[in-house]
Amino acid sequence: MTGRSARSGGALAQAAGWLASWRWTGLAALTLAFVAYYWQVIFAGKLVSAADLVNLYYPYAATAGPGFQPHNPALTDSVVSLAPAMTYVRDSVWSGQLPLWNPYTEFGMPFFAQSQWGILSPLQLPFLAPPKLFGVEVAQTLTGMLKVAAAGSGAYLLARALRCSKPAAVFAGIAWMLGGYTTAWLSMPATSATVMLPWICLGVEATLRWRRPWLAAAGLASVMAVAVFGGHPEALLNAFYGVVIYGVVRLLQNRRHMRGQVRLRLAAIGTAIVLALGLVAVIIVPAAELLHHSVDSTLRELQYRGTAIGWNNVIQVFDPHHFNDPTHTGTFYSAYSAPWFAGVVTALAALVALVFRDRRIVPFVLMCVLALGIATNSWPWQRVEDAIPTLGGVAKSAPLVLWAFGLSMTGALGVDRVLRFIRGRSTVPWLAPAAGAALCLVLFVELYSWGHDYNPRVPRSMVGVPRPPGIDAIQAGRGAPRTVFLGHTMPFLLPMQFERPDARGYGQPTRRDYDLFMRLAVTDLRSVFNPSELGYPIANIKPHQLAVLRAANTRYAAWTDGRWKLQGYDQVSQGPLNVAQTNNAMGRAYLVSDYVTEPKLESAIQTVAGESFDPNRQVVLDEDPAGARPDPLRRTPGPPPQVTHYENNHVVVRARLARPGLLVLSDSDYPGWRASVDGKSVRMYRANGLFRAVSLPAGEHVVHFDFRPASVYVGAAISLVSVLFIIGLALFGRRRELEPAEDRG
């Protein structure tokens with residue numbers, strides 16, 4: 001028996017030694033955890049979907065049934081905004097059109113400039129697959145799986161770069177990829193950015209310490225660009241707070257051991273930052289242009305100023321359900337509670353790391369401290385917010401990404417310390433790896449059982465937003481007449497999912513001209529705090545305001561909640577979705593002969609809102625048009641023009657005029673739109689504060705409207721040049737090898 005025991009012990013020791021020495025053991029274990037987490041998707045054909053959240057909104061709420069409880073209300077935007085938006089992107093791309101402009105909402109608005117969709121993120125490539133290959137719901141599942149894989153592998157590699165053992169690195173990967181923040185926000189574009197946080201820290205680590213700093217700088221620029229392409233500026237802002245903390249601390253910890261290379265390595269990091277900004281110029285430049293024309297910074301600052309989290313929420317590090325079940329409560333509760341939790345095992349291991357006073361935990365502890373300060377709005381963060389007003393527009397839950405990441409990495413470092421202690425005290429060689437494997441298994445089971453319901457796995461038959469009854473009474477298509485959805489019916493981008501142009505809007509950010517037009521000329525929005533967030537619920541419509549909407553090609557009204565008296569509209573459908581139609585709506589393009597000149601935007605919209613103004617026969621322009629004179633008789637210049645071609649970025653109108661007049665296209669004006677008449681470029685005027693108009697002489701004409709935003713083309717050119725520079729930097733970096741900086745962390 002003694003001999004057998006010795007041989008068994010020797011075999012176990014040999015197996016443990018082989019596993020410890022095998023290069024890919026850690027990644028293989030992490031892959032196994034990933035497969036186990038998604039086993040229902042991989043083997044049972046289910047999809048990860050929060051589509052049932054649509055039942056929170058009308059008309060679906062009317063048929064949801066009593067006692068409906070959503071799984072994770074924080075994911076509503078993934079259903080009512082992201083899915084319609086990415087469906088539009090995919091359909092546009094595969095029909096040969098660039099999704100630069102969105103004709104379905106806000107009377108048309110710049111779409112590509114809204115960086116929140118993450119169109120260019122490599123993690124969201126499934127959304128760009130051919131529509132015939134699989135649906136957008138499958139794309140959402142695949143995108144979530146890519147995010148989880150990126151989060152886990154990044155945390156694992158970062159832990160290995162910090163000299164953690166393989167079990168501790170696997171622990172880091174599991175804690176970060178299945179922890180509270182990634183789990184609660186998995187289906188949202190924000191996590192396309194935040195899952196890259198360990199990769200960026202790894203790039204900083206490589207640039208500071210590895211033999212080829214310039215090659216590492218090329219990689220650092222690339223992973224930073226991937227994070228920015230993910231969209232969601234709030235998440236990016238807080239993620240980069242963490243990167244700055246990590247870089248500064250690691251530089252201070254290793255500066256004496258860099259053998260006089262501090263300036264060179266800092267130059268490499270600075271070069272990476274510049275090249276990363278150049279890479280993402282294709283989305284930053286148009287996004288900056290849209291922000292310049294928006295009102296969101298002020299609105300969001302007012303909205304989020306009072307959303308600080310109480311210190312008592314810290315208890316959710318150990319008990320995420322302390323206050324209630326976060327998967328069955330409001331959006332903000334779910335968003336505020338889940339990110340605190342990365343597993344009780346992780347929290348205890350983090351305490352061990354603090355006891356051991358491991359210097360490697362310093363940047364991650366500082367991330368947690370910063371997250372606490374911002375989330376609770378504690379001093380000195382209040383002073384910082386006063387000094388930089390735009391920071392007030394950042395949700396106080398956003399910095400919890402730093403808490404989640406810092407806690408995950410600190411816990412992994414604590415596990416590494418425990419395993420080192422076991423290895424140094426035990427004569428059994430396989431005891432430390434076995435203890436590490438056991439800790440990883442306990443953490444996985446804990447996070448799986450806790451967070452599984454945040455992203456429910458459902459059969460394919462239950463995935464997707466059902467077609468609302470009655471919507472077929474509304475004409476569909478990019479150039480179709482618009483619908484005004486009253487009250488809180490089909491908010492956000494739900495009408496866009498079914499190709500119904502919506503007079504309301506859901507944009508991030510909201511354009512200033514559209515905001516003024518809706519507030520002054522259409523409806524009373526004084527009770528609406530942030531229109532871009534609420535999808536502009538329409539209320540208190542008056543007869544003249546209906547005339548303004550009809551002149552903007554709004555033929556239909558639809559509602560579920562409330563009773564509406566709509567003068568001039570006849571109800572054509574009744575049920576969960578009620579639809580009324582008017583025959584008095586102006587076409588998408590129409591002709592007028594009379595105009596008023598008002599260069600100031602607000603004054604122009606106030607003129608349109610006045611009851612003495614007739615939008616059917618008159619237009620307010622920002623300047624006097626060439627070749628036209630006001631016609632007090634308001635005679636019609638000719639028959640209604642015909643829109644012969646309507647695409648995302650291109651509209652063609654044919655018009656025949658008996659006398660000079662003005663052609664008004666009831667689509668939003670925005671920098672980048674150009675007009676040509678019979679092949680010759682002409683001046684385009686801002687009409688009624690929001691739309692487009694051109695002056696036409698008598699005769700028959702073909703008018704083209706083309707969207708060619710200079711911001712996109714300039715940004716794309718900068719990005720292309722940056723790609724070439726990064727390739728050159730990588731080739732140069734392969735030849736420049738330095739002595740590695742000694743790790744004193």
Side-chain angles (χ1 to χ4, degrees), residues 1-39 148-149 151-179 198 202 205 342-361 364 405 407-449 743 745:
M1 293 296 294
T2 305
R4 290 184 179 180
S5 301
R7 286 194 296 272
S8 299
L12 286 173
Q14 186 177 6
W18 179 80
L19 287 173
S21 62
W22 187 42
R23 185 176 182 180
W24 304 108
T25 306
L27 287 176
L30 203 59
T31 302
L32 182 62
F34 174 85
V35 172
Y37 188 70
Y38 279 108
W39 72 269
V148 170
S153 57
Y156 173 86
L157 293 175
L158 177 62
R160 291 294 287 162
L162 293 173
R163 307 290 179 87
C164 283
S165 62
K166 290 178 183 177
V170 172
F171 189 95
I174 294 174
W176 175 233
M177 74 181 188
L178 304 184
L202 180 63
E205 185 76 15
V344 175
V345 181
T346 304
L348 294 175
L351 294 177
V352 171
L354 290 172
V355 171
F356 274 105
R357 293 184 294 180
D358 189 330
R359 293 181 63 190
R360 295 174 296 177
I361 70 171
F364 306 113
F405 179 64
L407 181 63
S408 299
M409 295 304 299
T410 304
L413 292 169
V415 169
D416 186 61
R417 276 295 185 177
V418 170
L419 298 183
R420 290 188 183 192
F421 178 84
I422 295 174
R423 193 180 302 115
R425 301 285 191 289
S426 174
T427 58
V428 181
W430 50 265
L431 184 59
L439 288 172
C440 291
L441 180 60
V442 170
L443 177 64
F444 174 82
V445 171
E446 182 182 19
L447 292 180
Y448 181 87
S449 60
D743 182 13

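Residue numbers run from 1 in the order of the sequence given. Nothing here was measured: the structure is a model prediction, and the numbers come from that model.
Nearest heavy-atom pair, A161 versus L202, reported as atom, atom and distance to 0.1 Å: CB-CD1, 3.6 Å. Smallest separation of non-hydrogen atoms from Y156 and G26: OH-CA, 3.3 Å. Between T410 and F364, the closest heavy-atom pair is OG1-CB, 3.4 Å. Between P167 and A437, the closest heavy-atom pair is CB-N, 4.5 Å. For the pair G411 and A349, the tightest heavy-atom approach, listed with the atom from each and the gap, is O-CB, 3.2 Å. In terms of heavy atoms, L447 sits closest to G179 at CD1-N, 4.2 Å.
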Q: Determine, step by step, whether V355 and L351 satisfy the side-chain contact (heavy atoms from CB on, under 4.5 Å) criterion, reporting the C-alpha distance in whole Å, the side-chain angles of both residues, the deciding distance to 0.1 Å, and the verdict.
A: CA-CA 6 Å; V355 171; L351 294 177; 5.6 Å; no

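Rounded to the nearest 0.5 Å, atoms CG (L443) and OG1 (T346) are 4.0 Å apart. Rounding to the nearest 0.5 Å places CD1 of I361 at 12.0 Å from CG of L162. Remark: S153 OG to M177 CE distance equals 9.0 Å, nearest 0.5 Å. Put simply, CG on L157 and CG on L27 are 6.0 Å apart, with the number rounded to the nearest 0.5 Å. To the nearest 0.5 Å, the span separating CE on M409 from CG on D416 amounts to 10.0 Å.
For F356, the side chain to side chain contact (heavy atoms under 4.5 Å, CB included) criterion is met by V352, R417, not counting sequence neighbours. The salt bridge (Lys or Arg N to Asp or Glu O under 4.0 Å) check on R423 picks up nothing, with sequence neighbours excluded.
Ring orientation note: the planes of F444 and Y448 are close to parallel, at an angle under 30° on the 30°/60° scale.
C164 places a side-chain heavy atom less than 4.5 Å from the side chain of L413. Looking at heavy atoms from C-beta onward, I174 lies in side-chain contact with C440 at the 4.5 angstrom threshold. Looking at L419 and F171, their side chains never come closer than 4.5 Å, going by heavy atoms from C-beta outward.
Looking at E446, its side chain does come within 3.5 Å of a backbone N or O of V344 through a donor-acceptor pair.
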